[in-house]
Amino acid sequence: MPTRREFLELSGAALAGMATSNVKTQSPQLPVRTISDAAARISKKQLSPVELTQAVLARVDALNPKIGAYITVAASQAMDAARVAEREIQQGRYRGPLHGIPVAVKDTYYTKGILTTAASPVLKDFVPEFDCAIVERLKSAGAILIGKLNLPEFSFGGYTPGCHNPWDLTRNPGGSSGGSGAALAASMVLGAPGGDTSGSIRNPASTCGVVGLKPTFGLVSRYGVVPISWTLDHLGPMANTVEDTATLLKVIAGPDRRDRFSANVTVRDYPKLLRRSIRGLRVGVMAPAELEGFHRDTTAAFLEAVKVLQGLGAQTREVSFPERMKTAGRAQQVIRICEAAAYHRQFLLTRADQYISDVGRSGPEVSRVRTDVEAGSLLTAAQYLQAQRARALFIEDTHKVYEPLDVLVSPTMPSPAGVTVSPRETFRNWWNLSGFPALSLPCGFSTDPQGLPIGLQVSGKPFDDALVLAVAHAYESATSWHERRPNL
Amino acid sequence: MPQPTKELIRALAEANGLAIPEERLELVLRQYESFLRSLDQINTLPLPLEAEPAILFGHPSPAATVPGRGGRED
């Protein structure tokens, strides 16, 4: 059984198609910082998609050896697509705000003709014959696919081995969409949709100081993505600002008959709906007792964020969750592993020895996928259904919690990257169980240790994603945390 | 409930058509026990007799919160 390092070396995954030895001391800078900046200039023909793509590829070339955000870089395909975009725009056929914009996707997303490994030796040779729904939609909007981003094996866990946090290279970017968070923070791409089964978009968004939205379950098609758990998996946008996140969501959201859980709802004009007052909105605030065990910098940043929202006119009220919801994490664990075990059975029967080995190893960097799915395979259908019955109660409870609210805010993570704390509860997987939308955006930086991002989670009612984005945008517009960038 | 053992893990795996190598049994046993502890906690919930599983869950009246259905606002 290979180790992760052996897998990455054997697969030749890092920077495929590019020179890896060209490590520069001064990283090349991008001409823009956000999708909206780039789109404004591209649409006026002031910025060329070819130049922008070249700049992104140069930065990836310079930084990926020390960040490890990309598993595969599709440089030649990206340049081909950039040239097509440039020609179209020159001919007056501008498609919209993602036309000519470099994006990258988690390596669980099927990409036609491009290696899709899910960071596992089990899929080390897997080259899909079609694009997943999100990549289809991104390409239709004219986006340029730069490559595939790092994650823990099969997205299991909140630690992305081999990937480093741009704010402190000795720390991890979190996970499972760790490569996505790291690439955005390091300006190695402008947009990076990820996946979220237990918090895997919001965790790295918080830890890397970027924005990540887990949309309402059913809003974004999951067709063509390596799953963990069919009833918990969500896919959603990650970017450097709320506006960019909204722009991505508008493109990737929408009904898709190929996804059995896809909802037949109208895709809203999320960027347009950002600019609204939050005066008088009913904002639930996680009660102080619920924050027991959180890092003091996280709690302080959260309380300051609440003051900012109050200053914008929000009507805040403290919220505590019903006691039985504290069992939600247990139900989530059982549901997740039973569904994962069903998916992985095909691999356990035919190539179990190809999983990254955990025998005799310990630590957060060690993949435990094989052990998890082997043990999950031994649970019964009745046990799985009992967890799903409990889930129905939690969903009902969540509706009751949100009934008197418009949105609810909480810290995204209990601590900054790599700082160990013992929280009584965390606030992420409830939203996977319930399917309610939840977004993380930067709300401060730690003082001890110095300079690590802290995230604020804004969550809302089903299909109120536009309101979640609007509240996040109002907060972001009143603060400057999102303007900070790591010194690389 | 009797304490699970490596023998039980081996037997359950075989019944499921899986062969778990000897050197992995201890790891799988510990993980299996963790799942059983979660199930014990779930079983303490007062589940009403009529509670149904949420496998194919949906959200109430999405049409009520979103104008129209299935199209795009531009």
Side-chain angles (χ1 to χ4, degrees), chain A residues 216-218 230-231 250 254-255 260-261 263-269 272-273 324 327 329-331 333-335 337-338 345 348-349 352-353 358-360 368 370-372 374-379 383-395 399 433-436 461-464 466, chain B residues 1 4 6 8-74:
Chain A
T216 303
F217 187 79
W230 299 292
T231 71
K250 187 181 174 187
R260 293 175 59 79
F261 294 116
N264 187 22
V265 294
T266 301
V267 176
R268 309 209 66 186
D269 190 345
K272 190 176 172 185
L273 294 168
R324 70 179 179 187
T327 315
R330 303 292 186 162
Q333 181 194 33
V334 171
I335 293 164
I337 203 57
C338 286
R345 182 173 175 82
L348 289 177
L349 289 174
D353 60 341
D358 57 350
V359 175
R368 296 178 50 78
R370 182 175 175 184
T371 297
D372 280 358
E374 282 177 334
S377 300
L378 311 182
L379 296 174
Q383 288 168 322
Y384 168 71
L385 288 167
Q386 197 69 351
Q388 289 282 22
R389 291 178 78 210
R391 178 192 198 165
L393 299 187
F394 301 139
I395 294 172
H399 278 290
L433 274 175
S434 66
F436 284 38
K461 295 174 182 172
F463 300 104
D464 241 355
Chain B
M1 183 182 170
K6 288 203 271 188
L8 175 70
I9 296 298
R10 188 184 291 112
L12 284 172
E14 283 174 8
N16 278 286
L18 297 175
I20 298 178
E22 183 64 30
E23 71 273 16
R24 300 194 47 75
L25 286 173
E26 183 64 33
L27 283 171
V28 176
L29 170 62
R30 286 206 298 266
Q31 193 58 46
Y32 181 69
E33 287 172 334
S34 155
F35 295 149
L36 293 185
R37 284 194 294 275
S38 289
L39 282 158
D40 281 346
Q41 286 211 11
I42 292 167
N43 288 332
T44 64
L45 291 171
L47 274 177
L49 202 56
E50 62 275 13
E52 291 186 12
I55 299 170
L56 293 172
F57 75 89
H59 301 293
S61 307
T65 51
V66 182
R69 302 188 86 181
R72 282 184 179 269
E73 284 183 357
D74 288 312

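A, B, ... follow the sequence lines: proteins, then strands. Residue 1 opens every chain.
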Handout entry: Rounded distance [0.5 Å steps], CD in A:Glu374 versus CG in B:Asn16
Key = 11.5 Å
Problem - A:Asp372 to B:Gln31 - nearest heavy-atom pair and separation - result: OD1-CD, 3.3 Å
Practice task
Could you check if a side-chain atom of B:Tyr32 sits within less than 4.5 angstrom of a side-chain atom of A:Thr371, using non-hydrogen atoms only?
Solution key: no
Problem - Side chain, backbone, both or neither of A:Ile337 within contact of chain B (heavy atoms, under 4.5 Å) - result: side chain
Exercise for the section: Measure the OG-CZ distance between B:Ser34 and A:Arg330 for me, rounded to the nearest 0.5 Å. Expected result: 7.0 Å
Handout entry: From CD1 (B:Ile9) to CG (A:Leu378), nearest 0.5 Å
Key = 5.0 Å
Fill in the blank from the handout: Taken to the nearest 0.5 Å, the spacing of A:Tyr384 OH from B:Leu39 CG works out to 13.0 Å
Practice task
Mind ranking B:Ile42, B:Leu12, B:Leu18 by heavy-atom pairs under 4.5 Å with chain A and telling me who comes out on top?
Solution key: B:Ile42
Problem - A:Arg324: partners by salt bridge (charged side-chain N to carboxylate O under 4.0 Å, His left out), with sequence neighbours left out - result: A:Asp397
Practice task
Could you tell me which non-hydrogen atom of B:Pro21 sits nearest to which non-hydrogen atom of A:Arg370, and how far apart they are?
Solution key: CD-NH2, 3.4 Å
Practice task
Check whether any side-chain N or O of A:Arg389 sits under 3.5 Å from a backbone N or O of B:Glu52 as a donor-acceptor pair, and report yes or no.
Solution key: no
Practice task
Measure the CZ-CG distance between A:Arg368 and B:Leu27 for me, rounded to the nearest 0.5 Å.
Solution key: 6.0 Å
Handout entry: Contact class of A:Leu393 relative to chain B, heavy atoms under 4.5 angstrom
Key = side chain
Problem - Polar contact flag, side-chain donor to acceptor under 3.5 angstrom, B:Ser38-A:Gln333 - result: yes
Exercise for the section: Tell me, out of A:Ile335, A:Leu348, A:Leu379, who's got the most heavy-atom pairs with chain B below 4.5 Å. Expected result: A:Leu379
Problem - Residue pair B:Phe35 / A:Ala375: nearest heavy atoms and the distance that separates them - result: CE1-CB, 3.7 Å
